[in-house]
Amino acid sequence: MSKKTVYSPKVLKSPNPHSQATLAGNHFYTATVALDLEGKVVGVGDIEAQTTQALTNLTYLLEAAGGTIDDVARVMIYLSDMRYFEGMNKAYKKFFFGDSLPSRATVTGTFGIPELLVEFDVIAYIDNPKVD
């Protein structure tokens, strides 16, 4: 099984020592937050806006790997405060719905950037990944 780093020009390339996403065979791994291409937090104080940005970033990374949101098998959601659960879920349902819902868990945590309210840690299985 080969391992490949995945990058999308539509997502911020982190200055920290990690890739945007990784493909290991058909398995796709990433974690996404609400940062724009300039590294600014989108939707400060707005959980729905942050969820939408983070999941849009996820969509771009999946596309770069040859997948779609329907390929997501597992989502671990980190909220800075559980009071954001309802708002996060409202935006989440715009991306994940129907028969292809991934399994998921939601916990609270803290982030290196205090303005962030949510982070998504994602595992997907992509049948025909791009292997450039």
Side-chain angles (χ1 to χ4, degrees):
M1 170 173 40
S2 64
K3 183 178 123 179
K4 177 187 169 207
T5 299
V6 176
Y7 286 106
S8 169
K10 298 177 181 180
V11 178
L12 174 70
K13 188 172 180 180
S14 176
N16 297 318
H18 62 81
S19 65
Q20 291 178 334
T22 303
L23 264 173
N26 295 79
H27 296 88
F28 170 93
Y29 305 91
T30 194
T32 60
V33 295
L35 294 177
D36 66 16
L37 281 171
E38 292 154 11
K40 295 179 183 165
V41 175
V42 173
V44 173
D46 183 343
I47 189 61
E48 289 183 44
Q50 287 199 20
T51 298
T52 298
Q53 181 65 45
L55 294 179
T56 298
N57 289 346
L58 169 62
T59 301
Y60 292 149
L61 291 169
L62 285 162
E63 289 171 357
T68 71
I69 201 83
D70 290 334
D71 295 319
V72 174
R74 175 84 167 111
V75 180
M76 185 68 178
I77 304 166
Y78 299 91
L79 292 172
S80 64
D81 190 305
M82 202 52 78
R83 66 187 165 145
Y84 295 125
F85 184 81
E86 186 178 331
M88 177 278 300
N89 234 11
K90 185 175 178 185
Y92 182 94
K93 290 177 185 179
K94 294 176 184 174
F95 290 83
F96 296 104
F97 51 86
D99 292 335
S100 63
L101 290 173
S103 66
R104 73 175 220 193
T106 307
V107 298
T108 57
T110 57
F111 307 109
I113 301 172
E115 295 83 13
L116 289 174
L117 305 175
V118 64
E119 181 171 0
F120 295 91
D121 186 3
V122 176
I123 300 172
Y125 184 86
I126 300 173
D127 283 328
N128 297 302
K130 290 182 183 176
V131 285
D132 300 332

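Numbering starts at 1 and runs along the sequence shown. Atom set for the values below is all heavy atoms of this structure, side chains included, hydrogens, waters and symmetry mates excluded.
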Atom [atom1] in [X], atom [atom2] in [Y]: separation rounded to 0.5 Å?
X: D99; Y: D70; atom1: CG; atom2: CG; result: 10.0 Å
X: K90; Y: T51; atom1: NZ; atom2: OG1; result: 11.5 Å
X: F111; Y: E119; atom1: CZ; atom2: CD; result: 6.0 Å
X: D121; Y: Y78; atom1: CG; atom2: OH; result: 5.0 Å
X: F120; Y: T106; atom1: CZ; atom2: OG1; result: 8.0 Å
X: T59; Y: I69; atom1: OG1; atom2: CD1; result: 4.0 Å

[Y] backbone acceptor or donor facing [X] side chain under 3.5 Å:
X: T32; Y: A54; answer: yes
X: K4; Y: K130; answer: yes
X: Q20; Y: V11; answer: yes
X: Q50; Y: G43; answer: yes
X: N26; Y: D127; answer: yes

Do [X] and [Y] touch side chain to side chain, with heavy atoms closer than 4.5 Å?
X: Y29; Y: H27; answer: yes
X: I47; Y: V118; answer: yes
X: T52; Y: F95; answer: yes
X: L116; Y: V41; answer: yes
X: K10; Y: E63; answer: yes
X: L58; Y: T30; answer: yes
X: L35; Y: I113; answer: yes
X: P102; Y: R74; answer: no

- Query: Within a radius of less than 6.0 Å around CG of N16, do more than 12 heavy atoms belonging to other residues, nucleotides or ligands occur?
  - Reply: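 Atom CG in N16 is crowded, with more than 12 foreign heavy atoms closer than 6.0 Å.
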
- Query: For atom CG of N128, is the number of surrounding heavy atoms from other residues, nucleotides or ligands below 6.0 Å larger than 12?
  - Reply: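 Not more than 12 within 6.0 Å, no.
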
- State whether a side-chain donor-acceptor pair under 3.5 Å links Q53 with N57.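 Yes, N57 and Q53 have a side-chain donor paired with an acceptor closer than 3.5 Å.
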
- Query: Does any donor atom in the side chain of T22 or S19 lie under 3.5 Å from an acceptor atom in the other side chain?
  - Reply: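 Side-chain D/A pair, T22 to S19: present.
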
Considering non-hydrogen atoms only, spot the tightest contact between [X] and [Y] and give its length.
X: V72; Y: V122; value: CG1-CG1, 3.7 Å
X: V75; Y: I77; value: CG1-CG1, 3.6 Å
X: L12; Y: D36; value: CB-O, 3.5 Å
X: G45; Y: L117; value: C-CD1, 3.8 Å
X: A49; Y: V42; value: O-CG1, 4.5 Å
X: I126; Y: G66; value: CG2-O, 3.6 Å

Do [X] and [Y] sit in the same hydrophobic cluster, where Ile, Leu, Val, Met, Phe, Trp and Tyr count as joined when their side-chain heavy atoms come under 4.5 Å apart?
X: F96; Y: F28; result: yes
X: L23; Y: Y60; result: yes
X: F85; Y: L101; result: yes

- Answer yes or no on whether R104 is positioned over the face of Y92, meaning its NZ or CZ is under 6.0 Å from the six-membered ring centre and within 45° of the axis.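 Cation-pi check for R104 and Y92: passes.
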
